[in-house]
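The chains referred to below are lettered A, B, ... by the order of the sequence lines, with proteins before strands, and numbering in each begins at 1.
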Protein chains: 2
Amino acid sequence: MHKPTIQDVARRAGVGVGTVSRVLNNHAAVRDSTRDSVLGAIAELNYTPNPHARRIAGGKSYTISVLLPVVTTEFYVRLLDGLEQAFQEARYDVAIFPLLDRSRLERYLGSHTLAYQADGLVMATYNLTQMFQSGTGIRPYSGPTVLVDAHAEGVDCAYMDNLLGGRLAGEYASQLIRQQGEGQQGEGQQGGRLYAVWVETELDQLFTTRVFDDRRSGFLEAVQLSGGRVSGEYVSSFDSLAARTVAAQLLDEAVLPATVFASADLLAGALLDEAQARGLTVGGELKIIGFDDQPWAQGRGLTTLHQPVEAMGYEAAQLLLARLSGEEGPARARRFEPRLIVRKSTGG
Amino acid sequence: MHKPTIQDVARRAGVGVGTVSRVLNNHAAVRDSTRDSVLGAIAELNYTPNPHARRIAGGKSYTISVLLPVVTTEFYVRLLDGLEQAFQEARYDVAIFPLLDRSRLERYLGSHTLAYQADGLVMATYNLTQMFQSGTGIRPYSGPTVLVDAHAEGVDCAYMDNLLGGRLAGEYASQLIRQQGEGQQGEGQQGGRLYAVWVETELDQLFTTRVFDDRRSGFLEAVQLSGGRVSGEYVSSFDSLAARTVAAQLLDEAVLPATVFASADLLAGALLDEAQARGLTVGGELKIIGFDDQPWAQGRGLTTLHQPVEAMGYEAAQLLLARLSGEEGPARARRFEPRLIVRKSTGG
DNA sequence: TTGTATGCGTTATCAC
DNA sequence: GTGATAACGCATACAA
């Protein structure tokens with residue numbers, strides 16, 4: 001018993017191979033009744049098309065390469081979920097290329113690798129401009145490319161509006177402080193102070209991203225617009241140890257009551273830990289706002305910004321698929337909006 | 001100008017396509033002179049074989065799936081280097097599957113994915129037995145499989161002898177203490193105390209590994225054999241924050257002079273940091289031994305165990321390739337030995 | 001709307 | 001040793 005082929009299906013359904021191919025690829029022009037019988041035969045034989053034969057006949061690889069940073073975060077799991085669902089629906093395989101180190105990028109894009117043979121490329125989170133800048137020896141992939149969780153001129157992209165996210169956090173923080181100011185009358189500091197912890201942006205790095213800068217800009221802008229001011233800003237690298245150290249420093253220096261915005265849940269988590277160690281009442285004298293809505297955020301009651309990551313991945317895939325089916329025209333950018341989730345870390 | 005095919009090469013070299021295919025695949029029976037002319041034609045035309053056509057004609061996918069944990073460590077970069085080199089030499093593509101979460105394992109092994117279509121599977125670091133245990137709904141991959149950086153009965157594997165590594169550390173630490181004891185006569189503690197920091201083994205986890213347990217067992221065994229004893233043992237999760245906390249605790253409680261074995265460089269690095277913060281003389285009153293020889297270990301002068309990771313990857317690939325070319329027989333296990341690198345953190 | 005025939009770029013199997 | 005040629009499984013242009 002060999003693996004059933006399209007021939008077997010055709011014979012079984014009493015049709016030609018062309019017809020089977022047509023129902024496989026949704027080529028509308030096929031009568032419902034015959035489509036049903038073909039589908040029936042496929043099911044009975046448990047037939048699955050041979051992807052390699054398909055590739056050689058179609059002259060395409062039906063494969064998409066996804067370049068991904070190696071960061072063990074729920075974010076990328078969700079992003080892949082969105083991407084893979086869309087590509088699967090369109091009968092494309094996705095090959096994942098974890099960018100373990102810099103040399104690997106060049107290798108992946110080299111002409112003899114899987115990535116190069118792909119019909120399209122998805123790049124996550126990177127700064128494309130910097131990545132392909134002259135002098136690095138890296139040359140851009142020649143096929144259609146889409147950026148996800150990043151944006152650049154002249155390239156299709158699906159990105160999260162981190163500027164908006166920061167703004168939402170800033171507006172909410174300002175509002176919290178106003179409310180608190182109304183409650184306890186006569187307080188000079190009118191509702192407590194405002195602090196922020198930022199993620200250090202690594203300069204001169206291939207793996208650089210504007211994500212955190214945008215969150216910062218949005219926040220500062222919103223706070224300023226609402227007439228508030230930030231009493232102290234802290235910077236931490238994206239690392240739990242550094243975050244904890246910075247959290248301790250912040251709580252050493254901060255004047256309570258205070259509201260703190262951390263531009264990543266990783267940093268907010270460290271603040272939560274440090275506050276707990278000091279016996280501070282989170283949600284009361286100390287309010288904390290994070291960003292990411294990581295899986296633990298709900299359990300720990302962290303007010304944070306939730307992002308439609310799967311939707312962003314799905315849409316990025318759609319943009320690429322459109323190009324693959326011949327779409328011309330200028331680059332399109334799809335924007336996605338974070339949403340504030342209020343929990344008890346801000347008294348909600 | 002279309003992409004040159006094997007036909008073009010044959011024509012150019014004045015031979016048949018069969019001959020071209022033969023030189024491509026090293027099918028010995030071809031005269032040197034004709035091989036040269038074929039190679040010449042290939043170079044002139046800049047010909048690269050179409051992998052899809054190859055796959056369909058050969059009836060194989062010429063692809064190997066590598067299941068990898070998502071841990072940003074030099075270890076996996078080096079492991080991939082070894083694997084990829086071997087597979088490339090044998091004209092196999094490698095597809096990397098980062099195991100972001102548990103659900104992804106099932107999906108990767110599902111019958112409609114790339115991984116399933118691979119001719120062989122490489123699994124890194126995991127506990128195969130636990131992974132495929134009944135009840136998880138995960139069924140083993142049916143093709144030839146090789147384990148790397150792990151070992152199990154009845155499966156080909158290439159693994160690091162972490163037991164030996166631990167033993168080497170234990171012997172060296174014991175030796176250090178004896179030497180020190182001889183130097184300062186009459187000291188009751190005869191050369192100082194011995195401490196150890198272990199990596200916490202996560203139980204009930206898919207992503208479990210025996211690596212750290214082996215390092216621990218080997219160390220304790222060697223120390224006992226040389227008549228020494230461990231004055232204190234500490235446990236930390238594989239996380240820089242936790243490691244620093246544990247390092248601080250250890251240095252709070254330890255009696256100097258002391259020698260500390262950390263079963264991973266990540267933990268040793270935290271000790272280095274904490275010692276520096278306290279103004280302790282590393283290599284003198286405090287000696288530190290790590291495990292892994294991470295890139296920074298040399299610069300910071302950390303005595304540690306170096307592992308032939310690339311060689312292990314390369315050999316794992318060879319084991320799999322042997323099966324792919326029809327090798328029968330019982331499972332083979334290839335053992336690799338860590339090597340102690342003495343640097344100034346132990347006074348070397 | 002559907003069946004047939006041709007082509008995709010290799011590898012493998014023959015003869016020579 | 002080497003050159004024809006038949007698969008491999010599918011998509012597609014063309015004919016019906």
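A:T63 and A:D93 share no side-chain donor-acceptor pair at under 3.5 Å. For the residue pair A:R210/A:H151, the side-chain donor-acceptor check at 3.5 Å is satisfied. Of the N and O atoms on the side chains of A:R55 and B:N50, not one donor lies less than 3.5 Å from an acceptor on the other residue.
Under 4.0 Å is where a charged nitrogen must lie from a carboxylate oxygen, and between B:R78 and B:D81 no such pair does. Between A:R335 and A:D161, at least one side-chain nitrogen of the basic residue sits less than 4.0 Å from a carboxylate oxygen of the acidic one, meeting the salt-bridge criterion.
Between its opening and closing five pairs, the helix from C:dT1-D:dA16 to C:dC16-D:dG1 changes axis direction by 40°, a value rounded to 10 degrees.
A:I96 pairs in a side-chain contact (heavy atoms from CB on, under 4.5 Å) with only one of the listed residues (A:V122, A:L83, A:L80), which is A:L80.
Between B:Y62 and B:Y92, the two ring planes are tilted [angle within 30° to 60°].
Between B:K60 atom NZ and C:dT11 atom P there is a gap of 11 Å when expressed in whole angstrom units. Atom P of nucleotide D:dG9 and atom CZ of A:R11 are separated by 12 Å, given to the nearest angstrom. Going from atom CD1 of B:I56 over to atom C1' of D:dA6 covers 13 Å, rounded to whole Å.
Closest approach of B:R323 and B:R332 over heavy atoms only: NH2-N, 4.2 Å.
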Taking only nitrogen or oxygen atoms into account, show me every contact under 3.5 Å that the protein makes with nucleotides 10-13 of chain D, one pair per line with its distance.
residue : atom : partner : partner atom : Å
D:dC10  : OP1  : A:Y47   : OH           : 2.6
D:dC10  : OP1  : A:N50   : N            : 2.8
D:dC10  : OP2  : A:I6    : N            : 2.4
D:dA11  : OP1  : A:N25   : ND2          : 3.3
D:dA11  : OP1  : A:R54   : NE           : 3.4
D:dA11  : OP2  : A:S21   : OG           : 2.8

